[in-house]
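Okay, so here's the structure we're looking at.
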Amino acid sequence: MSSSNETIFALSSGPVPAGLAVVRISGEEVPAVVTALVGDVPPARQAALRSIRTRNGLVIDTGLILFFPAPHSFTGENVAELHLHGGRAVVDALHRELAQFRNLRAAAPGEFSRRAFENGKLDLIEAEGLADLIAAETEMQRRLAVEQSSGGLSSIYYGWSDRLTRARALIEAELDFPDEEDVPGSVSDQVWADVASLVNELKNHLEQLEAGEIIRDGFKVVIAGRPNAGKSSLMNALAMRDVAIVTDIAGTTRDVLHVDLSMDGYLVRLYDTAGLRETDEIVEREGIRRAEKIIAEADLVIFIEDVSIESGAEELADDAVLVGTKSDLPRQSARAYDLLISTTHATGLDALRALIVERLKTKVHPQSMAIPSRARHKETLTQALAALRTSLHDSHRGLDLRAEDLRVASDALGRVTGRVDVENLLDVIFGEFCIGK
């Protein structure tokens with residue numbers, strides 16, 4: 001847990017050495033620290049070139065100083081940024097000097113963002129989106145993270161919360177003032193119709209969760225098949241580098257290997273597995289067990305067979321893709337394949353990539369990027385939906401009981417954005433951030 005009584009500092013740019021390093025300081029002591037380092041506090045939000053010195057007057061470096069007074073800063077506290085040369089010795093010297101100040105310490109991972117949350121500069125979804133934006137490796141991950149970090153998803157939940165607050169207010173008014181003329185005689189038409197509409201909106205929103213998870217965490221594609229079918233060769237060909245060892249010896253792959261690829265802006269997580277067969281060899285059996293486990297968890301299974309030998313009799317899942325490999329060799333298999341490929345001559349690989357993207361897009365077709373993407377979102381939104389459905393289930397229940405259902409739903413929505421009872425989650429969520437953010 002962060003303490004707002006302490007001023008914190010950290011390297012907030014990339015790892016050194018680099019052309020530039022940005023050291024961020026946040027807290028009450030920032031003006032005093034900046035004055036001690038550079039002689040004065042520059043005008044707010046204006047870059048000033050200064051010599052950065054130790055308190056003994058030794059020059060550490062010359063760089064730009066920016067000061068953001070509270071509350072108009074990222075954390076809501078006094079913040080300073082020191083832009084200096086990105087040499088390891090330069091940054092280490094500044095860190096040593098900062099550590100000598102009283103009530104000043106190095107920041108924990110995510111502590112700047114946590115202070116921004118605690119000071120109302122970010123809600124929890126915006127903070128998670130910021131962490132995802134920093135970690136984004138594909139275009140679609142970037143778009144999803146930008147939508148969340150900029151408040152696009154939060155605005156949906158705040159809108160729903162406002163509607164629930166209004167509904168609860170109307171119900172409370174009827175319960176407390178049943179005889180007043182300016183209070184509606186029945187809330188049925190205006191409250192419960194809107195709650196029913198909200199149920200449909202929330203249900204449709206939750207249906208986008210799979211798309212959000214795939215965009216954020218990747219589309220899991222597993223290459224499966226019998227030993228020596230060409231699984232590792234296919235993985236290397238799709239990755240365009242040697243990820244897996246390829247030999248003529250059956251059972252070379254003993255463990256699940258994986259590589260992350262970007263396809264059409266999406267993250268595709270490609271897995272190579274041990275060949276599926278009966279064996280008494282203990283290590284290979286464990287590899288097959290792991291292969292079967294990852295196959296069960298896959299978003300798409302590519303089952304491959306060597307067309308130069310007679311085909312087996314494996315039963316495949318309905319949505320699996322059956323691919324014939326080694327199509328450059330004389331064909332012995334009479335089986336009908338979805339695709340024929342040859343990694344030796346690189347034929348059919350573009351068609352296979354296109355097929356993977358096509359299958360991915362059947363599961364990911366959001367109208368916007370304002371969609372849930374984490375298990376935490378699913379849990380709390382599901383709780384809200386269940387409470388709303390309960391409130392509509394029996395119209396003969398007392399208004400006070402149905403109002404309580406709406407309160408439960410409202411609290412669940414509050415937990416998504418972090419405005420209600422999330423203290424136990426904060427260490428976990430902000431611990432995922434890098435130091436300096």
Side-chain angles (χ1 to χ4, degrees), residues 117 122-132 140-141 144-145 147-149 151-168 171 191-220 296-299 362-395 397 400-432:
F117 167 75
L122 295 172
D123 65 31
L124 211 51
I125 289 178
E126 290 169 334
E128 288 172 330
L130 184 59
D132 289 344
M140 299 306 290
Q141 285 179 324
L144 181 69
E147 186 71 30
Q148 295 191 2
S149 64
L153 184 58
S154 300
S155 64
I156 294 175
Y157 301 147
Y158 290 138
W160 290 345
S161 293
D162 289 345
R163 287 160 64 182
L164 284 176
T165 298
R166 180 177 180 276
R168 291 169 61 195
I171 292 172
V191 170
W192 303 117
D194 190 49
V195 171
S197 176
L198 190 53
V199 165
N200 287 329
E201 292 174 42
L202 191 47
K203 174 177 171 291
N204 293 335
H205 186 72
L206 272 168
E207 288 173 354
Q208 297 293 309
L209 178 71
E210 182 183 22
E213 288 179 330
I214 287 175
I215 292 172
R216 180 177 181 270
D217 300 326
F219 186 65
K220 192 177 294 184
E297 298 170 352
D299 295 307
T362 61
K363 295 191 175 186
V364 181
H365 45 82
Q367 297 300 312
S368 77
M369 283 295 173
I371 56 178
S373 61
R374 293 174 179 250
R376 184 184 76 83
H377 303 166
K378 177 183 179 180
E379 179 183 356
T380 48
L381 291 174
T382 300
Q383 291 170 357
L385 180 59
L388 292 177
R389 282 174 166 164
T390 301
S391 73
L392 294 174
H393 180 65
D394 183 1
S395 60
R397 290 170 66 225
D400 53 344
L401 296 177
R402 300 177 78 185
E404 174 63 15
D405 295 330
L406 299 188
R407 185 197 64 77
V408 170
S410 183
D411 284 354
L413 286 175
R415 284 194 296 275
V416 182
T417 56
R419 297 308 184 206
V420 176
D421 186 29
V422 291
E423 187 63 34
N424 61 328
L425 282 174
L426 298 186
D427 289 337
V428 174
I429 290 172
F430 289 104
E432 296 176 357

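Any value given below was found using the heavy atoms of this structure, including those in side chains, with hydrogens, waters and symmetry copies removed.
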T165 meets the side chain to side chain donor-acceptor pair (under 3.5 Å) criterion, sequence neighbours left out, with none

Nearest heavy-atom approach of A412 to Q383 is CB-CB, 4.3 Å

Give a yes or no on whether the backbone of I371 and the side-chain of Q148 come within a donor-acceptor separation of less than 3.5 Å. yes

Where do L413 and T380 land on the side chain to side chain contact (heavy atoms under 4.5 Å, CB included) test, with the steps shown first? CA-CA 7 Å; L413 286 175; T380 48; over 6 Å; no

So I171 and L406, side chain to side chain contact (heavy atoms under 4.5 Å, CB included) or not? Walk me through it. CA-CA 10 Å; I171 292 172; L406 299 188; 3.7 Å; yes

Is there a side chain to side chain contact (heavy atoms under 4.5 Å, CB included) between R389 and K203? Walk through the geometry before answering. CA-CA 10 Å; R389 282 174 166 164; K203 174 177 171 291; 3.5 Å; yes

Just how far is it from atom CD of E213 to atom CG of D299, taken to the nearest 0.5 Å? 9.5 Å

Quick one: CE on M369 to CD on Q208, what's the gap to the nearest 0.5 Å? 10.0 Å

Please examine the side chains of V195 and S391, heavy atoms only from C-beta on, and report whether any two atoms are closer than 4.5 Å. yes

Mind checking ring pair (Phe, Tyr, Trp, His ring centres under 6.0 Å) for F219 and listing every partner two or more places apart, or none if nothing turns up? none

Can you tell whether the side chains of D217 and R374 come within less than 4.0 Å, N to carboxylate O? no

Can you tell if the side chain of I214 reaches within under 4.5 Å of the side chain of V364, non-hydrogen atoms only? yes

Shortest non-hydrogen contact from L144 toward S373: CD2-CB, 3.9 Å

Beyond-backbone contact of R376 with L124, side-chain heavy atoms, under 4.5 angstrom: yes

How long is the gap from CG on D394 to CG on L401, to the nearest 0.5 Å? 10.0 Å

Gap between atom CH2 of W192 and atom CG of D194 - 0.5 Å precision: 11.0 Å

Nearest 0.5 angstrom please: H205 NE2 to E207 CD, how far? 11.5 Å

Taking all heavy atoms of A370 and all of I156, pick out the closest pair and write down the distance. CB-CD1, 3.6 Å

Kindly compute the distance separating CG (L202) from CH2 (W160), expressed to the nearest 0.5 Å. 5.0 Å

Nearest heavy-atom contact between L381 and P372 is CD1-CB, 4.2 Å

Nearest atoms (heavy-atom pairs only) where S197 meets R163: OG-NH2, 3.9 Å

Side chain R419, main chain G414, donor-acceptor under 3.5 Å: no

Counting only N and O atoms by type, is there a donor-acceptor contact under 3.5 Å from the side chain of K378 to the main-chain atoms of E210? no

Electrostatic pair E404-R407, nearest N-O below 4.0 angstrom: yes

If only side-chain N and O atoms count, and only distance matters, is there a donor-acceptor pair under 3.5 Å linking T390 with D405? no

Before we go on, tell me: are the rings of Y157 and H377 under 6.0 Å apart, centre to centre? no

Okay, side chain of S154, backbone of G151: is any donor-acceptor separation there less than 3.5 Å? no

Do L392 and R397 come close enough that some side-chain heavy atom pair is under 4.5 Å? no

As a quick check of understanding, evaluate side chain to side chain contact (heavy atoms under 4.5 Å, CB included) for E379 and R415, giving each step before the final call. CA-CA 10 Å; E379 179 183 356; R415 284 194 296 275; over 6 Å; no

Just wondering, do R168 and V191 contact through their side chains at under 4.5 Å, heavy atoms? no

Correct closest heavy-atom pair for D123 and Y158 would be OD2-OH, 2.8 Å

